[in-house]
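Structure, as structure tokens:
Remember, predicted model here, so these are calculated numbers, not experimental data. Quick note: numbers below take in every heavy atom, side chains included, and nothing from hydrogens, waters or symmetry partners. Every chain is numbered from 1 and lettered A, B, ... according to where its sequence line falls, protein lines coming before strand lines.
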Amino acid sequence: MKLYNTLTRTIDEVQPQHQPTVTIYTCGPTVYDYAHVGHWFNYVRMDTLVRTLKATGLQPEWVMNITDVGHLVSDADDGEDKLEKGARREGKTAWEVAEFYAKDFMDGWNQLGNLMPDHIVKATDHIAEQIELVKRLETKGYTYVIDDGVYYDTSKFEGYATFARLDLDDQQAGARVAVNQQKRNPTDFALWKRTPAGQKRDMEWDSPWGKGFPGWHIECSAMSMKYLGDTLDIHTGGIDHIPIHHTNEIAQSEAATGKRFAVMWMHSNHVMVNGDKISKSLGNGIRLQELVEKGFSPQVVRLNVLESHYRSQSQFSWDSLEAAKNRLASLYAMADLQFQAKDSTKPWLLGSTYLDDIRSALQNDLATPQALAVLSALANQSDSQLLHTHEAKHFTELLATVDELLGLNLSTRTDITSEQKQLIAKREQARTTKDWAKSDELRDTLANQGIGVRDTAHGPIWYRQ
RNA sequence: GGCGCCUUGGCGGAGCGGUUACGCAGAAGUCUGCAAAACUUUUUAGACGGGUUCGACUCCCGUAGGUGCCUCCA
């Protein structure tokens, strides 16, 4: 499988260190608020990566973190923890806020049909590991202590700027960040923040540097090393993480271990809403729940995600969601033919290359639009082709494999009831005797149950409306 | 100020130096008891100006517009 690697800026072959295992670390949510469509685009794409790796014969070992502490609103002196801020906003404790939004996130995750990572790890469950890692960095001389905590001296890590291709000198000219005067370099970041004197946080722990909480970046390094070893095969995240979060992860991890932190970096581009970036100030962060309430199932959202490439800046719009809904409906109509297939000696499904084509599209840097084009080609096969399979079960097996790759639930649909089938048969009988009144009445009855019937050369074919 | 990206038909969105992307929507036709569906066809696609080439949407240069990052962010 080939994947665009942010580290090399080329499309590289995925080469796991210990085949068939492939280790993947995904930067997960910070659970201080609801997830919006932009987040879900990101996670569906990560899920598609894992599905494709599986189909390639690899065994993914997948870790995703949940950030429930330490993610600051800004890096300035007065930057506060998002969780603590959320707690004040809602009159709860930071712990309650974290639990609430983590659960909401996992609900959305499951609704979208994303595969479950092997480990979902919380920052607050790994404070000891993070402290250990800071100590290692301290021993190696990469840290310094100032009033508000322990900082990483980025000037000590050679090549700090190379991953993101930053020009640190020129950046300072236009930087709007309020620089902490005690920091040695503008890019230095907190490894451990002390609870300010006289304050009491919901979340704080003892450490060699005083009571406080870990910086945001250290959690990913500590947890990925714990579960997946010093060097990851693939690290994934949003494109916005390249210049700060992932740059810092590399600096601290590689400084601590002396080894490469991740062989490949896969980044998902952002989604725009009506041409605008999704942001709090614009209030355009649409939740999954809102889409569902408007009649778009999570699978419609999923199809909408797959319709664009993960590296392009894609557009979210109600029109394109509507288009995805219609497209999914026609895929489901195709899938429902599995219940109407007539066994025959026509063996086309056995020799078809649809699955191979979908697989190779995905293996080519997750070309999901191409994969869908192949799926549409399958759906555009004539009724005759689709209905007369060698064995009906092969049709279902084909759909099941498509589902393994794309997660669209084509194979998990259920048949209509035998009563409904009888109605269809009766209508067909009425048509044979040219009893149009009766046949139309039966058609209406079926329509009321959400079932449409189309009369074809192969007899009546039902579909769900 | 620095770094980067984009500009494809009504909308969404791909690949590709010469061959139909694909989907959604619209139009016409075929079929049909009527519908629906299906099928067929269809709507001057490649921001603009140059260049390279036998040939460019696809490579190069420039112009215009847009946009992302450098501040938290998927």
Side-chain angles (χ1 to χ4, degrees), chain A residues 26-30 32-33 35-46 71-76 79-80 82 85 161 164-178 186-187 216 236-245 267-272 275-280 285 303-304 306-331 333 361 364 367-377 379-380 382-384 431 434-437 439-440 443-444 447 452-458 460-463 465:
Chain A
T26 292
C27 272
T30 300
Y32 68 103
D33 204 345
H36 57 61
V37 288
H39 298 108
W40 294 126
F41 266 62
N42 179 56
Y43 294 114
V44 166
R45 289 161 168 174
M46 303 317 171
H71 199 157
L72 301 185
V73 172
S74 99
D75 272 341
E80 67 182 317
K82 291 183 173 193
K85 190 181 178 184
R165 317 252 155 129
L166 301 172
D167 185 335
L168 298 178
D169 293 331
D170 282 322
Q171 264 189 27
Q172 294 170 35
R176 281 171 288 160
V177 61
T187 49
W216 174 38
T236 80
I239 195 171
D240 51 287
H241 283 152
I242 296 170
I244 306 275
H245 185 49
H267 288 103
S268 166
N269 207 329
H270 280 339
V271 181
M272 313 293 276
D276 289 317
K277 195 184 160 180
I278 298 175
S279 72
K280 281 264 184 289
L303 183 63
N304 192 208
L306 298 175
E307 282 180 324
S308 68
H309 189 84
Y310 78 94
R311 283 200 284 129
S312 68
Q313 189 175 73
S314 31
Q315 299 293 329
F316 173 85
S317 72
W318 296 104
D319 282 350
S320 80
L321 200 61
E322 191 72 42
K325 183 181 182 178
N326 291 338
R327 183 179 198 168
L328 188 64
S330 89
L331 290 176
N364 181 20
T368 52
Q370 260 82 24
L372 291 182
V374 175
L375 187 55
S376 289
N380 288 339
S382 67
D383 293 334
S384 155
R431 289 184 72 235
K434 296 190 192 295
D435 186 350
W436 309 127
S439 107
D440 287 352
R443 183 164 66 195
D444 289 344
V453 182
R454 55 194 176 95
D455 302 318
T456 76
H458 313 286
I461 294 177
W462 58 263
Y463 59 96
Q465 290 170 323

>> I'd like to know if the side chain of Ser439(A) reaches the main chain of Lys434(A), judged simply by a donor and an acceptor atom lying under 3.5 Å from each other, with no hydrogens or angles considered.
In response: no

>> Strictly under 4.0 angstrom, non-hydrogen atoms only: write out the protein contact profile of nucleotides 31-43 of chain B, one letter per nucleotide from the 5' end, B, S or -.
In response: --BBBBSSS----

> Can you tell me how far P in U40(B) sits from the matching atom in C31(B), rounded to whole Å?
Replying inline: 16 Å

>> Using whole Å, what does the distance between atom P of nucleotide G12(B) and atom CG of Leu372(A) come to?
In response: 17 Å

> Got a second to check how far His270(A)'s NE2 is from Gln313(A)'s CD, nearest 0.5 Å?
Replying inline: 8.5 Å

> If we take the C1' atom in both C22(B) and C16(B), what is their distance in whole Å?
Replying inline: 15 Å

> If you measure from the C1' atom in C59(B) to the same atom in G18(B), how many Å do you get, rounded?
Replying inline: 14 Å

>> Please report the distance, rounded to the nearest Å, between CG in Leu306(A) and P in G23(B).
In response: 16 Å

> What closest approach, in Å, do Ala164(A) and Pro243(A) show between heavy atoms, and which atom pair accounts for it?
Replying inline: CB-CA, 3.6 Å

> How many Å lie between CD1 on Ile242(A) and P on C3(B), as a whole number?
Replying inline: 17 Å

> How far does OG1 of Thr368(A) sit from CG of Leu375(A), to the nearest 0.5 angstrom?
Replying inline: 12.0 Å

> Considering only the P atoms, how many Å lie between U58(B) and G9(B), rounded to the nearest integer?
Replying inline: 15 Å

>> According to side-chain hydrogen bond (donor to acceptor under 3.5 Å, both in side chains), who are the partners of Ser376(A), at least two apart in sequence or on a separate chain?
In response: Arg327(A)

> Ser376(A) has a side chain; which of G13(B), A25(B), C22(B) sits nearest to it?
Replying inline: C22(B)

> In Å and rounded to the nearest 0.5 Å, what is the CD1 to OG1 distance from Ile461(A) to Thr456(A)?
Replying inline: 4.0 Å

>> Quick check: on RNA chain B, is the nucleotide nearest Asn269(A) upstream (toward 5') of the one nearest Arg165(A), or the reverse? Name the residue that is more 5'.
In response: Arg165(A)

>> Checking contacts here: which listed nucleotide (G13(B), C24(B), A74(B)) is nearest the side-chain heavy atoms of Tyr43(A)?
In response: A74(B)

> Does Asn304(A) put a side-chain nitrogen or oxygen below 4.0 Å from OP1 or OP2 of G12(B)?
Replying inline: no

>> Tell me the interatomic distance from Leu321(A), atom CG, to C11(B), atom C1', rounded to whole angstroms.
In response: 13 Å

> What orientation do Trp318(A) and Phe316(A) show, parallel under 30°, tilted 30 to 60°, or perpendicular over 60°?
Replying inline: perpendicular

> How many Å lie between NZ on Lys325(A) and P on G12(B), as a whole number?
Replying inline: 20 Å

> How long is the line joining NE2 of His267(A) and P of G4(B), in whole Å?
Replying inline: 18 Å

> Under 4.0 angstrom, heavy atoms only, what part of the nucleic acid is Gly237(A) near: base, sugar-phosphate, or nothing?
Replying inline: sugar-phosphate

> Expressed in angstrom and rounded to an integer, what is the separation of Gln313(A) atom CD from U7(B) atom C1'?
Replying inline: 12 Å

> Would Ser320(A) and Asn304(A) satisfy side-chain contact (heavy atoms from CB on, under 4.5 Å), going step by step from the backbone distance to the final call?
Replying inline: CA-CA 7 Å; Ser320(A) 80; Asn304(A) 192 208; 3.5 Å; yes

>> If the condition is ring-ring contact (aromatic ring centres under 6.0 Å, His included), which residues does His241(A) pass it with, not counting sequence neighbours?
In response: Trp216(A), His245(A), His246(A)

>> Give me the distance, rounded to whole Å, that separates A56(B) from C24(B) when you measure between the P atoms they each carry.
In response: 33 Å

> To the nearest angstrom, how far is Lys82(A) atom NZ from C72(B) atom C1'?
Replying inline: 4 Å

> Looking at residues at least two apart in the chain, or sitting in another chain, which of them share a side-chain hydrogen bond (donor to acceptor under 3.5 Å, both in side chains) with Asp440(A)?
Replying inline: Arg443(A)

>> Taking any heavy-atom pair under 4.0 Å as a contact, classify Ser268(A): base, sugar-phosphate, or nothing.
In response: nothing

>> What verdict does the side-chain contact (heavy atoms from CB on, under 4.5 Å) test give for Thr26(A) and Asn42(A), after you've listed the backbone C-alpha separation in whole Å, the side-chain angles of each residue and the deciding distance to 0.1 Å?
In response: CA-CA 10 Å; Thr26(A) 292; Asn42(A) 179 56; 5.6 Å; no

Listed pairs, N/O of protein and of nucleotides 14-17 of chain B, under 3.5 Å:
{"residue": "A14(B)", "atom": "OP1", "partner": "His309(A)", "partner atom": "N", "Å": "2.9"}
{"residue": "A14(B)", "atom": "OP1", "partner": "Ser312(A)", "partner atom": "OG", "Å": "2.8"}
{"residue": "A14(B)", "atom": "O2'", "partner": "Gln370(A)", "partner atom": "OE1", "Å": "2.9"}
{"residue": "A14(B)", "atom": "O2'", "partner": "Gln370(A)", "partner atom": "NE2", "Å": "2.0"}
{"residue": "G15(B)", "atom": "O4'", "partner": "Gln370(A)", "partner atom": "NE2", "Å": "3.0"}

>> If a pair means Watson-Crick or G-U wobble with both distances below 3.5 Å, what does RNA chain B look like in dot-bracket form, with | marking bases paired to a different strand?
In response: (((((((..(((.....[...))).(((((.......)))))....(((((..]....))))))))))))....

> Roughly how far, to the nearest 0.5 Å, is the CD atom of Gln315(A) from the CD atom of Glu307(A)?
Replying inline: 13.5 Å

> Taking atom P in both U19(B) and A74(B), what distance in whole Å separates the two?
Replying inline: 43 Å

>> When you measure from the side chain of Arg454(A) to the backbone of Tyr463(A), do you find a donor-acceptor pair of N or O atoms at a distance under 3.5 Å?
In response: no

> Counting any heavy atom closer than 4.0 Å, what does Trp216(A) reach on the DNA or RNA strands: base, sugar-phosphate only, or nothing?
Replying inline: sugar-phosphate

>> In whole Å, measure the gap between the C1' atoms of C54(B) and U20(B) for me.
In response: 24 Å

>> Suppose you measure atom C1' in G62(B) against the same atom in U43(B); what distance do you get, rounded to whole Å?
In response: 34 Å

